[in-house]
Amino acid sequence: MRPAPAAIGDSVAAIDTPALVVDLDAFERNLQTMADFARAHGVKLRPHAKMHKCAAIALRQMALGAVGVCVQKTGEAEALAAAGVSDIFVSNEVIAPAKLARLAALARRVRLAITVDSALGIDRLARAVKNAGSTVDVFIEIDVGQGRCGVSPEQAAALARQVHAHVLPPGPAGAGLHLTGLQAYHGSAQHYRSAAERAAAVEQAVAIVSAARAAISAAGIDAPLLVTGAGSGTFMLEAGSGVYGELQPGSYAFLDADYARNTPHPDAPSFEHALFVKAQVMSASATHVVVDAGHKSHAVESGLPTVWQREGLQVVGANDEHCMLKPRVEVAALPALGDTLWLVPGHCDPTVNLHDHLIAVRGGLECGAVEAVWTVDARGRLD
Ligand SMILES: *Cc1c(COP(=O)(O)O)cnc(C)c1O
């Protein structure tokens with residue numbers, strides 16, 4: 001682990017570069033806005049923690065009313081549980097028996113839920129849970145239009161019957177599966193640029209998940225099913241659907257440069273950039289400058305970073321340890337050697353995964369101070 005690039009009480013100027021910095025004032029407004037939105041719409045909020053991988057942030061989200069968090073990986077669930085997160089939904093399929101054994105063991109200590117989309121997955125999960133003597137909530141994933149994981153409404157009915165067969169009578173052992181709901185997340189729709197395209201995708205998702213509910217009920221299973229899904233690009237649509245009961249947005253807490261390129265939905269609350277890579281100009285010429293933060297400091301697969309409050313400056317390239325910046329127009333002044341630039345990462349999730357620490361700053365990026373240093377607890381937990 002790298003030594004933290006700053007300590008509590010340091011001025012912003014003293015934070016070593018490159019560093020991943022959270023603007024606490026903007027971040028807290030983002031958390032509050034989403035918590036208020038969910039409450040006002042009568043839906044549960046279960047933010048996706050694959051984005052921040054940080055127990056301190058998960059606990060803040062839960063303190064504001066979130067019912068728990070989502071993760072994608074077994075290792076993420078273990079890391080966050082070890083750091084005190086008590087309610088975790090693995091919103092992804094897990095098929096390896098060794099991983100299912102770890103999750104079933106974890107379910108003895110925290111409330112745990114998981115996604116399934118196959119008969120084999122349910123069989124293996126049921127075996128793991130019985131061996132561990134624990135209980136796991138099960139969500140059947142429906143492919144609501146992304147064409148990645150998940151099943152059709154008809155296949156969902158068969159899987160629901162299979163999960164139901166593993167519901168054991170309550171007793172001292174009490175182990176078993178509990179058919180809890182349907183996972184209905186449309187990942188690609190989050191980044192459709194126009195509000196109309198996102199609305200059309202969610203309308204289709206609502207129709208598919210409604211058909212799945214109808215098919216399951218026609219198969220004689222009348223368990224109340226919680227429909228969960230949505231991300232930072234579409235949550236306002238699922239919340240207003242009357243079908244979704246839980247929202248899973250992640251990126252809203254930090255708002256990366258790629259999300260800022262979405263045309264906002266007219267009724268959506270707005271969010272602010274709260275995650276920055278602090279970088280320093282280490283080389284300067286008449287035509288461009290170079291900073292000390294390349295794509296080992298911030299992910300570029302969703303686009304190069306933008307430069308905070310320097311509209312005239314454009315990142316034109318990124319290498320491992322360098323970013324090159326040029327003026328957008330000839331006349332714009334270039335920063336000087338040693339100057340600080342604040343990069344807004346293209347994609348927050350993989351950017352956080354590159355860092356051991358988040359430096360949380362109070363009072364703004366110009367003259368604030370470090371209020372907290374958070375560990376990225378689930379960094380690298382791809383297992
Ligand atoms: C990533 C993810 C989310 C959150 O998406 P954002 O775009 O970060 O808001 C929600 N649900 C699932 C299943 C995800 O994989």
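What you see below is based on every heavy atom in this structure, not just the backbone, and it leaves out hydrogens, waters and symmetry mates. Counting starts at 1 for both ligands and their atoms, in listed order.
The shortest heavy-atom contact between L31 and A253 is CD2-CB, 3.8 Å. L343 approaches P305 most closely through the heavy-atom pair CB-CB, 3.9 Å.
Atom 11 (N) of ligand 1 has as its closest protein heavy atom Q248 OE1, 2.7 Å. Shortest contact from atom 5 (O) of ligand 1 to any protein heavy atom: Y185 OH, 3.3 Å. Regarding atom 14 (C) of ligand 1, its nearest protein heavy-atom neighbour is K50 NZ, 2.9 Å. For atom 9 (O) of ligand 1, the closest heavy atom belonging to the protein is S232 OG, 2.6 Å. Looking only at heavy atoms of the protein, atom 6 (P) of ligand 1 is closest to S251 OG, 3.5 Å.
With a 4.0 Å heavy-atom cut-off, ligand 1 is reached by the side chain of Y259 but not by its N, CA, C or O. By the criterion of a heavy-atom distance under 4.0 Å, the side chain of Q183, and not its backbone, is placed next to ligand 1.
Using cut-offs of 30° and 60° for the angle between ring planes, the F37 and H41 rings count as parallel. Below 30°, between 30° and 60°, or above 60°: for F27 and F254 the angle between ring planes is between 30° and 60°, a tilted geometry.
In this structure, A230 has a heavy atom closer than 4.0 Å to ligand 1.
Residues H295 and E301 bring no donor and acceptor atom of their side chains to less than 3.5 Å of each other. In the model, R379 has no side-chain atom that pairs as donor or acceptor with a side-chain atom of N353 under 3.5 Å. Q190 and T234 are linked by a side-chain donor-acceptor pair at a separation below 3.5 angstrom, with hydrogens and angles left out of the test.
Set against the non-hydrogen atoms of H48, the atoms of ligand 1 under 4.0 Å away are 2 (C), 3 (C), 4 (C), 10 (C), 11 (N), 12 (C), 14 (C), 15 (O). Residue-ligand proximity, P249 to ligand 1, at heavy-atom distances under 4.0 Å covers atoms 9 (O). Using a 4.0 Å cut-off to heavy atoms of G231, the atoms of ligand 1 that qualify are 5 (O), 9 (O).
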- [ ] Could you please spell out the steps behind the ring pair (Phe, Tyr, Trp, His ring centres under 6.0 Å) verdict for Y252 and F235?
- [x] CA-CA 10 Å; Y252 75 96; F235 67 89; 7.5 Å; no

